2 protein chains.
Amino acid sequence: MKEYIPVLKRTRLFSGVGEEDIGAMLSCLGARLLTYRKGEYVLRQGEHLSDIVVLAEGCLHIQKDDYWGNRSILGQIGAGEIFGEAYVAPESGTLLNDVVAVENSAVFFFDVKRVISTCSSACRFHTMVAQNLFYAISEKNRGLVQKLDYISRRTTREKLIAYLSEEARKQNRAGFTIPFNRQQLADYLSVDRSAMSNELCRMRDEGLLEFEKNRFRLL
Amino acid sequence: MKEYIPVLKRTRLFSGVGEEDIGAMLSCLGARLLTYRKGEYVLRQGEHLSDIVVLAEGCLHIQKDDYWGNRSILGQIGAGEIFGEAYVAPESGTLLNDVVAVENSAVFFFDVKRVISTCSSACRFHTMVAQNLFYAISEKNRGLVQKLDYISRRTTREKLIAYLSEEARKQNRAGFTIPFNRQQLADYLSVDRSAMSNELCRMRDEGLLEFEKNRFRLL
DNA sequence: TCCTTTCCGTTGTAAAAACAACCGACTTGT
DNA sequence: ACAAGTCGGTTGTTTTTACAACGGAAAGGA
């Protein structure tokens, strides 16, 4: 476990906490470290979860098989990232997805009850970890609300406008770059790539915007 | 402020806390109570927010005007409900929506920093309120992930299947009722009502399911 | 340099959704 | 009992998307 403390130190959850303090806190947080081989399931859809999951090493996929066996990959978890925050409330429903190791991986599990109840012993930074977790969920929440705002538009054009306007506003200038290539943007907005590419060019021809690669300018 | 303590007692945030303890906690949580007349803005898109908002009385709409002035209503806040959890992280982006009073309303604002940092004085239930908030966000998060899972499907049929399967699984029986009428379900899934109604009947004719009003049975 | 891969625009076709409009059943209030 | 409103199904038309397939440009590696 100790060997991963430098990794933990760089995570959102332990931001602002020193390595010695992390080491001292591990038992107090009920930390468990498990390793998985490529292809193994870390969590399964339908299970209950009462731990916050932090990936120390490797790569996980969040995926779902529908009842015809079609698999869709909803997300990826890289080293240092958190998972499970949405499922740890006492009355929470079960996991909505499978989590599978796509590389050999090392995974920390922290008992959420012990994370958010400050312990009686003298963990100086326990409160900070709890707050980090709180803020992490809060920001994830905002990201979900935003994505939902884009995706709930009816047409591809509306989705693009919603996304690009927000990105322009956020970067606060006429020209801005987006962190996606075409395929990734299409996946993010849940539309077909070629249809989206089509729509983008049509909007350009109508004089609504300009673009080159992932650099855009709204007119 | 005191007159709303019975209302607060029934909220998710103060669940498990007695009225006297709530009263004692109000100042310690940095509570402010503001009233709004019907039509007034409570919060505006683009603002920063560092408070958790609890509606004590009235009704608020979460809405957004796009840059052509088209207004869309994304949600409603009823008495006792919480808002703002997605925006209170220190580095969080600004509010993505307007919040408007559609009735005369009374609104509590709680400084989020004071909610999640247990105070030095002897607020016995402060920790419980912080945990309640944490779990509330966590569950809201799960709801968003789930909705996103439905809406990101390409066709109306796929959205319906995703939603109905999950609802069947959740209620754990072949027959189940949904908490929406047709228009509300269409709004929730972000599709056209008549197109959805069409698709539902087509699925029924194909023998995939049966329904009557808001009672369904998957076959 | 040559080969392979990735990225992105383009086209055509088939499928699906949006939209508008209408109807009958049922509820609700007066 | 009547009028008004809500709800859900249906139809037909137009718009939009998905899908498959192709080609050229650019990037990267052997």
Side-chain angles (χ1 to χ4, degrees), chain A residues 66 68 70-74 76 147-164 167 175-217, chain B residues 66 68 70-73 76 147-164 167 175-218:
Chain A
D66 73 14
W68 287 304
N70 303 315
R71 172 162 302 169
S72 55
I73 293 163
L74 290 91
Q76 193 172 128
K147 182 167 179 179
L148 216 37
D149 180 41
Y150 305 146
I151 291 191
S152 60
R153 311 297 168 115
R154 298 298 169 83
T155 67
T156 300
R157 174 174 294 216
E158 284 178 317
K159 292 177 193 182
L160 283 168
I161 288 176
Y163 173 73
L164 294 173
E167 211 60 25
F176 57 94
T177 60
I178 64 172
F180 296 130
N181 66 29
R182 294 292 183 279
Q183 183 61 62
Q184 291 168 330
L185 179 58
D187 288 345
Y188 180 73
L189 296 179
S190 283
V191 295
D192 177 73
R193 181 197 62 80
S194 77
M196 186 192 77
S197 186
N198 227 318
E199 195 63 42
L200 272 175
C201 295
R202 213 173 301 145
M203 289 162 76
R204 181 194 53 200
D205 296 343
E206 291 176 23
L208 286 177
L209 48 77
E210 295 170 353
F211 58 88
E212 193 205 331
K213 299 245 179 185
N214 63 342
R215 164 146 222 92
F216 288 77
R217 176 181 302 276
Chain B
D66 72 15
W68 288 304
N70 304 313
R71 173 162 302 171
S72 55
I73 293 163
Q76 193 174 126
K147 181 167 178 178
L148 214 40
D149 180 40
Y150 305 147
I151 291 191
S152 61
R153 310 296 169 117
R154 299 297 170 81
T155 67
T156 299
R157 174 174 292 220
E158 284 177 317
K159 292 176 192 180
L160 283 168
I161 287 177
Y163 173 73
L164 293 173
E167 210 60 24
F176 57 94
T177 62
I178 64 172
F180 296 130
N181 65 29
R182 293 292 183 278
Q183 183 61 61
Q184 291 168 329
L185 179 58
D187 288 344
Y188 179 73
L189 296 179
S190 283
V191 295
D192 177 73
R193 182 196 62 80
S194 78
M196 187 191 77
S197 187
N198 227 318
E199 195 62 42
L200 272 175
C201 295
R202 212 174 301 147
M203 288 162 77
R204 182 194 54 200
D205 296 343
E206 292 176 22
L208 285 178
L209 48 76
E210 295 170 354
F211 58 87
E212 192 204 332
K213 299 242 179 189
N214 63 342
R215 166 147 221 90
F216 289 77
R217 176 181 301 276
L218 302 187

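Being a predicted model, the structure only gives us computed values, none of them experimental.
Considering only the side chain of S194(A), dC19(D) comes nearest among dC7(C), dT16(D), dC19(D). In this structure, the nucleotide among dT10(D), dC7(C), dT10(C) sitting nearest to the side chain of C201(A) is dT10(C). Closest to the E199(B) side chain, of the nucleotides dA17(C), dA18(D), dT10(D), is dA17(C). Here the side chain of R182(B) is nearest to one of dG8(D), dG9(C), dA18(D), namely dG8(D).
Rounded to whole Å, atom P of dC7(D) lies 13 Å from atom CD1 of I178(B). Remark: C1' of dC8(C) and CZ of R215(A) are 19 Å apart, rounded to the nearest angstrom. At whole-Å resolution of the value, NZ in K159(B) and C1' in dT17(D) are 11 Å apart. Protein atom CZ of R154(A) is 14 Å distant from nucleotide atom C1' of dT15(D), rounded to whole Å. Going from atom CG of N198(A) over to atom P of dT11(C) covers 8 Å, rounded to whole Å. For the pair M196(B) CE and dG9(D) P, the computed distance is 8 Å after rounding to whole Å. At whole-Å resolution of the value, CD in E212(B) and P in dC26(C) are 11 Å apart. A straight line from CD of Q184(A) to P of dT6(C) spans 13 Å, rounded to a whole angstrom.
Using a distance-only test at 3.5 Å, with no hydrogens or angles considered, a donor-acceptor pair links the side chain of R182(A) to the main chain of K213(A). No donor-acceptor pair closer than 3.5 Å links the side chain of S197(B) to the backbone N or O of R193(B).
Heavy-atom distances to DNA chain C give each of T155(A) and Q183(A) a nearest nucleotide, and the one nearer the 5′ end belongs to Q183(A). DNA chain C is contacted by both K213(B) and S190(B); S190(B) maps to the nucleotide lying nearer its 5′ end (nearest heavy atom per residue).
With respect to E199(B) and K159(B), no salt bridge is recorded, no charged nitrogen being found less than 4.0 Å from a carboxylate O.
Among the protein residues, S197(A) comes within range of the nucleic acid bases, having at least one heavy atom under 4.0 Å from a base atom. As judged by a 4.0 angstrom heavy-atom cut-off over every strand, D192(B) is placed among the base-contacting residues.
The base of dG9(C) has none of its N or O atoms less than 3.5 Å from a complementary donor or acceptor on the side chain of R204(A). Side-chain N/O atoms of R202(A) and base N/O atoms of dG9(C) include no donor-acceptor pair closer than 3.5 Å.
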| said: Please determine whether side chain to side chain contact (heavy atoms under 4.5 Å, CB included) holds for the pair Y188(B) and I151(B), giving the CA-CA distance in whole Å, both sets of side-chain angles, and the decisive distance to 0.1 Å. | reply: CA-CA 9 Å; Y188(B) 179 73; I151(B) 291 191; over 6 Å; no
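Between atom CD1 of residue I161(B) and atom CG of residue L209(B) there is a gap of 8.0 Å, rounded to the nearest 0.5 Å.
The shortest distance between the side-chain N/O atoms of N181(A) and the OP1/OP2 oxygens of dC7(C) is below 4.0 Å.
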